[in-house]
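Data block below; observations after.
Numbering starts at 1 and runs along the sequence shown.
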Amino acid sequence: MTVVLAPAKLTVSLRITGVRDDGFHLIDAEMVTLDLADELHFGEGDGLEVVPADAGLPVSSGPDNLVARTLARIGRRAAVRLHKRIPAGAGLGGGSADAAAVLRWAGVSDLALAVELGADVPFCVVGGRARVRGIGEAVE
């Protein structure tokens, strides 16, 4: 079994610099990785089990979960046990962090693919402290 941490992110500053024809906003942001993290356990098999930190926290382990969508997008299978610690809807990139953890586990570092999953996913793949531009795909 392989364990991968999925650190939360905080957007320190955000400026909308435009809107593309497809409706996506162009951004110029500063983001940082936090110590708070979800934990993903990867094993042989197939399926997703989500273990919420708060019993009252709504979580989905269905095909709409970003972990399941990421596995499908990269054509990989795994039995994943996701220990959620990042609060849902808090703006801390919990789902994006989880998707990025799947990409790191699979050895995928393609930020163009990552942004297809969500605007915060490329930053969460890279982590640390960075300037993020475009629709999230440019991480410096």
Problem set entry | Ile135 with Leu117, same ILVMFWY side-chain cluster at under 4.5 Å | no
Exercise. Is the number of heavy atoms from other residues, nucleotides or ligands under 6.0 Å of Asp35 CG greater than 12?
Worked result: no
For this session: Taking the side chain as every heavy atom from C-beta outward, state whether Val50 and Val67 have any pair of such atoms under 4.5 Å apart.
Result: no
For this session: Return the set of residues passing side-chain contact (heavy atoms from CB on, under 4.5 Å) with Ala99 (not counting sequence neighbours), or none when no residue passes.
Result: Leu66, Thr70, Val121
For this session: Could you list the residues that satisfy salt bridge (charged side-chain N to carboxylate O under 4.0 Å, His left out) with Arg73, not counting sequence neighbours?
Result: Glu116
Problem set entry | Test side-chain hydrogen bond (donor to acceptor under 3.5 Å, both in side chains) applied to His41 - qualifying residues, sequence neighbours left out | Glu39
Exercise. Under the side-chain hydrogen bond (donor to acceptor under 3.5 Å, both in side chains) test, which residues partner Asp110, sequence neighbours left out?
Worked result: none
All N/O donor-acceptor pairs, side-chain side in residues 74-82, below 3.5 Å, sequence neighbours left out:
{"residue": "Arg81", "atom": "NE", "partner": "His83", "partner atom": "NE2", "Å": "3.2"}
{"residue": "Arg81", "atom": "NH1", "partner": "Glu49", "partner atom": "OE1", "Å": "3.0"}
{"residue": "Arg81", "atom": "NH1", "partner": "Glu49", "partner atom": "OE2", "Å": "3.1"}

Problem set entry | Student check: side-chain heavy atoms of Asp98 and Leu40 closer than 4.5 Å | yes
For this session: List for me each residue that meets side-chain contact (heavy atoms from CB on, under 4.5 Å) alongside Glu44, sequence neighbours excluded, and say none if there are none.
Result: none
For this session: Identify the heavy atoms of Ala29 and Leu14 that sit nearest to each other, and give their distance.
Result: CB-CD1, 3.9 Å
Problem set entry | Any pair counted as side-chain hydrogen bond (donor to acceptor under 3.5 Å, both in side chains), so long as it reaches residues 124-140, sequence neighbours left out | Asp28-Arg131, Glu30-Arg129, Arg133-Glu140
Seminar exercise, completed: Sequence neighbours excluded, the answer for side-chain contact (heavy atoms from CB on, under 4.5 Å) partners of Ala90 is Pro87, Leu92
Side-chain donor-acceptor pairs of residues 2-9 under 3.5 Å, sequence neighbours excluded:
{"residue": "Lys9", "atom": "NZ", "partner": "Thr11", "partner atom": "OG1", "Å": "2.8"}
{"residue": "Lys9", "atom": "NZ", "partner": "Asp120", "partner atom": "OD2", "Å": "3.4"}

For this session: Just grab all the ring-ring contact (aromatic ring centres under 6.0 Å, His included) pairs involving residues 103-140, residues at least two apart or on different chains.
Result: Phe42-Trp105
For this session: Please examine the side chains of Leu26 and Val19, heavy atoms only from C-beta on, and report whether any two atoms are closer than 4.5 Å.
Result: no
Exercise. Hey, quick one: are Val108 and Leu71 part of the same hydrophobic cluster, counting side-chain heavy atoms closer than 4.5 Å, chains of contacts allowed?
Worked result: yes
For this session: Establish whether Val115 and Ile16 are linked, either directly or via other cluster members, by ILVMFWY side-chain heavy-atom contacts under 4.5 Å.
Result: no
For this session: Measure the CZ-CG distance between Arg85 and Asp38 for me, rounded to the nearest 0.5 Å.
Result: 7.5 Å
Problem set entry | With sequence neighbours excluded, residues passing side-chain contact (heavy atoms from CB on, under 4.5 Å) with Asp22 | Arg20, Phe24
Exercise. If you round to the nearest 0.5 Å, how far is CE of Met31 from SG of Cys124?
Worked result: 8.0 Å
